[in-house]
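Position 1 is the first residue of the sequence, and the numbers go up from there.
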Amino acid sequence: MYLEFLYIFIDYFSILKRRVLLFEWGFPVMAGATCMVLSYAFDINNQYAIIEKSFGYVGTLLGFTLAALTLLLSSDKMKDAKNYLIDRMLHNRQASLYDLVVISYTYLIVVEGILCISFFFAELFDFVYIEKIAIILNSLYVVLLFNVLLATIRTITDMYFILIKR
């Protein structure tokens with residue numbers, strides 16, 4: 001089975017600083033946990049309606065991320081980022097700012113793809129509905145959705161600072 005994409009996750013989590021990890025995962029986990037608790041405690045079953053509305057944004061983000069990665073890889077200014085080393089290790093070498101941005105964009109593309117595929121599977125098997133499992137899976141979708149949004153903000157900020165050379 002094709003599992004090489006898991007290296008993207010390993011590289012992504014190994015290159016992030018603790019405060020960035022807290023920014024990109026702290027709020028999403030709290031939002032997902034809040035959604036799950038409210039759904040269980042107050043029998044609020046509108047999670048899927050919100051997810052259905054957000055799916056258009058995920059598709060748009062996927063297209064934007066692919067375009068941004070293409071722009072990034074074709075930019076002459078990114079050559080300078082290859083030489084700018086950051087204080088993180090990647091495969092027993094010091095990572096560059098270029099590595100950070102490429103890994104971040106690749107991570108975003110993979111997670112956005114997973115969100116799209118999971119939405120299509122949910123549509124395909126909508127006749128199988130177990131409420132408790134659906135609430136957990138919908139909450140996980142919310143966590144990943146917020147993670148993608150916050151990671152996109154951070155990655156765009158990194159690219160901005162590379163392009164204006166700060």
Side-chain angles (χ1 to χ4, degrees), residues 1-37 47 50-51 54-55 57-75 77-122 133 135-166:
M1 185 171 182
Y2 179 76
L3 296 174
E4 282 84 8
F5 72 93
L6 294 176
Y7 287 117
I8 295 168
F9 293 105
I10 294 168
D11 288 349
Y12 177 75
F13 286 108
S14 68
I15 207 166
L16 287 184
K17 292 182 178 181
R18 181 170 289 156
R19 66 178 175 81
V20 174
L21 193 64
L22 190 61
F23 171 73
E24 289 183 11
W25 283 97
F27 176 71
V29 167
M30 288 190 307
T34 302
C35 287
M36 188 166 41
V37 167
Q47 275 183 328
I50 294 168
I51 289 171
S54 72
F55 180 70
Y57 301 120
V58 173
T60 304
L61 272 176
L62 181 58
F64 171 76
T65 307
L66 287 167
L69 183 62
T70 303
L71 172 71
L72 168 84
L73 295 177
S74 64
S75 172
K77 292 187 179 187
M78 289 308 294
K79 291 177 185 173
D80 295 336
K82 289 180 182 179
N83 298 326
Y84 186 82
L85 300 178
I86 60 175
D87 61 346
R88 305 301 287 176
M89 297 299 287
L90 181 66
H91 305 294
N92 297 324
R93 67 174 175 81
Q94 195 168 3
S96 68
L97 189 57
Y98 180 81
D99 294 331
L100 174 70
V101 174
V102 169
I103 289 169
S104 296
Y105 272 113
T106 307
Y107 167 80
L108 284 170
I109 291 169
V110 170
V111 173
E112 289 164 358
I114 289 171
L115 287 175
C116 289
I117 291 169
S118 65
F119 182 81
F120 289 133
F121 271 117
I133 294 174
I135 289 172
I136 292 169
L137 292 176
N138 288 342
S139 298
L140 180 62
Y141 189 93
V142 168
V143 168
L144 289 177
L145 180 65
F146 278 113
N147 171 255
V148 162
L149 293 173
L150 294 175
T152 301
I153 290 170
R154 184 192 53 83
T155 305
I156 289 172
T157 305
D158 288 343
M159 191 167 84
Y160 168 77
F161 286 125
I162 289 170
L163 295 176
I164 65 166
K165 294 189 178 188
R166 277 195 196 166

*Non-hydrogen atoms of Val148 and Leu108 that approach each other most closely*: O-CD2, 3.7 Å
*asked:* A side-chain contact here means heavy atoms from C-beta on lying under 4.5 Å apart; do Leu100 and Leu97 qualify?
replied: yes
*Got a sec: does the CZ of Arg93 have more than 12 other heavy atoms crowding it under 6.0 Å?*
yes
*Identify the residue among Leu144, Leu61, Thr106, Leu62 that makes a side chain to side chain contact (heavy atoms under 4.5 Å, CB included) with Val111.*
Leu144
_Spacing of Trp25 atom CH2 and Met30 atom CE [to the nearest 0.5 Å]_ = 14.0 Å
*Would you give the length of the straight line joining atom CG of Leu145 to atom CD of Glu112, rounded to the nearest 0.5 angstrom?*
9.5 Å
*Can you name the closest pair of heavy atoms from Val143 and Gly32 and give their distance?*
CG2-CA, 3.6 Å
*Determine whether more than 12 heavy atoms belonging to other residues, nucleotides or ligands lie under 6.0 Å from atom CZ of Phe13.*
yes
*asked:* With rounding to the nearest 0.5 angstrom, report the NZ to CG distance, Lys17 to Leu22.
replied: 14.5 Å
*Angle class for the Phe146/Phe27 ring planes (parallel below 30°, perpendicular above 60°, tilted otherwise)?*
perpendicular
*Indicate yes or no: at least one non-hydrogen side-chain atom of Arg154 is less than 4.5 angstrom from one of Leu16.*
yes
*Geometric class of the Tyr141/Phe119 ring pair [parallel <30°, tilted 30-60°, perpendicular >60°]*: tilted
_Any non-hydrogen side-chain atom of Ile156 less than 4.5 Å from a side-chain atom of Phe64?_
yes
*asked:* Side chains of Leu149 and Ile153, heavy atoms from C-beta outward: is any pair under 4.5 Å?
replied: no
*When rounded to the nearest 0.5 angstrom, what is the spacing between OG1 in Thr65 and OH in Tyr107?*
12.0 Å
*Measure across Ile103 and Ile8 and return the closest heavy-atom pair with its distance rounded to 0.1 Å.*
CG2-O, 4.5 Å
*Identify, with sequence neighbours excluded, every residue that meets side-chain hydrogen bond (donor to acceptor under 3.5 Å, both in side chains) alongside Thr152.*
none
_Distance-only donor-acceptor check, side chains Asp11 and Ser14, under 3.5 Å_ = no
*Min side-chain heavy-atom separation Val110-Phe9 under 4.5 Å*: yes
*CG/Leu140 to SG/Cys35 distance, rounded to the nearest 0.5 angstrom?*
11.5 Å
*Work out which heavy atom in Ser104 is nearest to a heavy atom in Thr155; give both atom names and the distance.*
CB-OG1, 3.4 Å
